[in-house]
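Notes for the one structure printed next.
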Amino acid sequence: MKLTREFYIRDNVVEIARDLLGKVLCSRFDGNLTKAVITETEAYAGVADKASHAYGGRRTKRTEPMFGPGGVAYVYLCYGIHHLFNVVTGVSGTPHAVLIRAGHPSVGETVMLKRRKRPTVDASLLGGPGSLAKALGINTKLTGTSLLGRQIWIEDHGIRFAESSLVIGPRIGVDYAEEDADCPYRFVATLDGRFS
DNA sequence: CGAATGATATACT
DNA sequence: GTATATCATTCGA
């Protein structure tokens, strides 16, 4: 079943990042349905988090979707090449977000392979935030799009990961965030308990 | 290991 | 309005 508004507007963004593991991220563009099981997430804790684009209450045209109510997409271009997909959480005014970093293909593998220009399904197909967004057809034009609509949404398929199969640690690529770079805001689900 | 690649934020004139 | 540094990364050598 599709996640509802109540899931997204909770105030604990770290808890939501943890809860998103095993949920299924879905998209449908031009009739092409794709779904991916989320296996890696990172929390970005609003104005108090130096790693967040909204740190210190910085509110610009780019970060505007994060300041709205939870349950919308925040997509932006990174390194001039990659489109990164985030889930905005919390009530209006709290710019919390969860970066979806990796997933496992579930539906629409053929379309994903075509978008990624790759011959076969392997771990690298959805193996990083830029790759995952590209495979699902997500681009910066979708920033601000509701996750309760018909283009992008998240479903609960009842997948649960054992506590022992989770790896929790510091986030990736946020060295610029000083002391906040070490916060344990990254969640990885390893399918067999090993670090991947 | 390092180039690719462009929007964005910030600091200027 | 213009300039420039920076970046929540990826792929190929």
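Note on naming: letters A, B, ... go to the chains in the order of the sequence lines (proteins, then strands), and numbering restarts at 1 for each one. Remember, predicted model here, so these are calculated numbers, not experimental data.
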Exercise. When clusters are formed by joining ILVMFWY residues with side-chain heavy atoms under 4.5 Å apart, either directly or through shared neighbours, do A:Phe187 and A:Phe161 land in the same one?
Worked result: yes

Exercise. What distance do A:Leu125 atom CG and A:Arg115 atom CZ have between them, rounded to the nearest 0.5 Å?
Worked result: 11.0 Å

Exercise. What residues form a salt bridge (charged side-chain N to carboxylate O under 4.0 Å, His left out) with A:Glu6, not counting sequence neighbours?
Worked result: none

Problem set entry | Partner residues of A:Ala43 under the side-chain contact (heavy atoms from CB on, under 4.5 Å) criterion, sequence neighbours left out | A:Val13, A:Val14, A:Ala17, A:Tyr185

Exercise. Heavy-atom contacts under 4.0 Å between residues 42-75 of chain A and DNA chain B, which residues?
Worked result: A:Arg58, A:Thr60, A:Arg62

Problem set entry | Flag for A:Ser124-A:Asp122: side-chain donor and acceptor within less than 3.5 Å | yes

Problem set entry | Stems where DNA chain B pairs, listed by first number, each of three or more Watson-Crick or G-U pairs under 3.5 Å | B:1-4 with C:9-12, B:6-12 with C:1-7

Exercise. Quick one: do A:Val111 and A:Trp153 end up in the same hydrophobic cluster if we chain Ile, Leu, Val, Met, Phe, Trp and Tyr together by side-chain heavy atoms under 4.5 Å apart?
Worked result: no

For this session: Starting at CZ of A:Phe67, measure out to OG1 of A:Thr94 and round the result to the nearest 0.5 Å.
Result: 9.5 Å

Exercise. Rounded to the nearest 0.5 Å, what separation is found between the CZ atom of A:Arg18 and the CD atom of A:Glu15?
Worked result: 9.5 Å

Exercise. Looking at residues 90-103 of chain A, who's got a heavy atom less than 4.0 Å off DNA chain C?
Worked result: A:Leu99, A:Arg101

Exercise. Counting only heavy atoms not in A:Arg59, do more than 12 fall under 6.0 Å of its CZ?
Worked result: yes

Show every donor-acceptor pair shorter than 3.5 Å between a side-chain atom in residues 19-27 of chain A and any protein atom, with sequence neighbours excluded, or say none if there are none.
{"residue": "A:Asp19", "atom": "OD2", "partner": "A:Arg10", "partner atom": "NH1", "Å": "2.9"}
{"residue": "A:Asp19", "atom": "OD2", "partner": "A:Arg10", "partner atom": "NH2", "Å": "3.1"}
{"residue": "A:Lys23", "atom": "NZ", "partner": "A:Asp19", "partner atom": "O", "Å": "3.0"}
{"residue": "A:Ser27", "atom": "OG", "partner": "A:Thr34", "partner atom": "OG1", "Å": "2.6"}
{"residue": "A:Ser27", "atom": "OG", "partner": "A:Leu136", "partner atom": "O", "Å": "2.9"}

Exercise. In Å and rounded to the nearest 0.5 Å, what is the CZ to OG1 distance from A:Arg150 to A:Thr145?
Worked result: 14.5 Å

With 3.5 Å as the limit, what N/O pairs link the protein to nucleotides 3-5 of chain B?
{"residue": "B:dT5", "atom": "O2", "partner": "A:Tyr79", "partner atom": "O", "Å": "2.5"}

Report all side-chain donor-acceptor pairs from residues 69-90 of chain A shorter than 3.5 Å, counting only partners two or more places apart or in another chain.
{"residue": "A:Tyr74", "atom": "OH", "partner": "A:His53", "partner atom": "ND1", "Å": "2.8"}
{"residue": "A:His83", "atom": "ND1", "partner": "A:Thr140", "partner atom": "N", "Å": "3.2"}
{"residue": "A:Asn86", "atom": "ND2", "partner": "A:Tyr74", "partner atom": "O", "Å": "3.1"}

Problem set entry | Spacing of A:His104 atom NE2 and A:Ile159 atom CD1 [to the nearest 0.5 Å] | 9.0 Å

Exercise. Does A:Lys2 NZ have over 12 foreign heavy atoms under 6.0 Å away?
Worked result: yes

Exercise. What residues form a side-chain contact (heavy atoms from CB on, under 4.5 Å) with A:Ala162, not counting sequence neighbours?
Worked result: A:Ser164, A:Ser165

For this session: Shoot me the first and last contacting nucleotide of DNA chain C against chain A, ordered 5' to 3', at under 4.0 angstrom to non-hydrogen atoms.
Result: C:dC7 to C:dC11

Problem set entry | Partner residues of A:Lys134 under the salt bridge (charged side-chain N to carboxylate O under 4.0 Å, His left out) criterion, sequence neighbours left out | none

For this session: For A:Glu40 and A:Gly103, indicate whether the former's side chain and the latter's backbone hold a donor-acceptor pair under 3.5 Å.
Result: no

For this session: Please list, by residue number, the residues of residues 113-122 of chain A whose heavy atoms come closer than 4.0 Å to an atom of DNA chain C; answer none if no residue qualifies.
Result: A:Arg116, A:Arg118

Exercise. If you look at every strand shown and take non-hydrogen atoms under 4.0 Å, does A:Ser131 touch a base, only sugar-phosphate, or nothing?
Worked result: sugar-phosphate

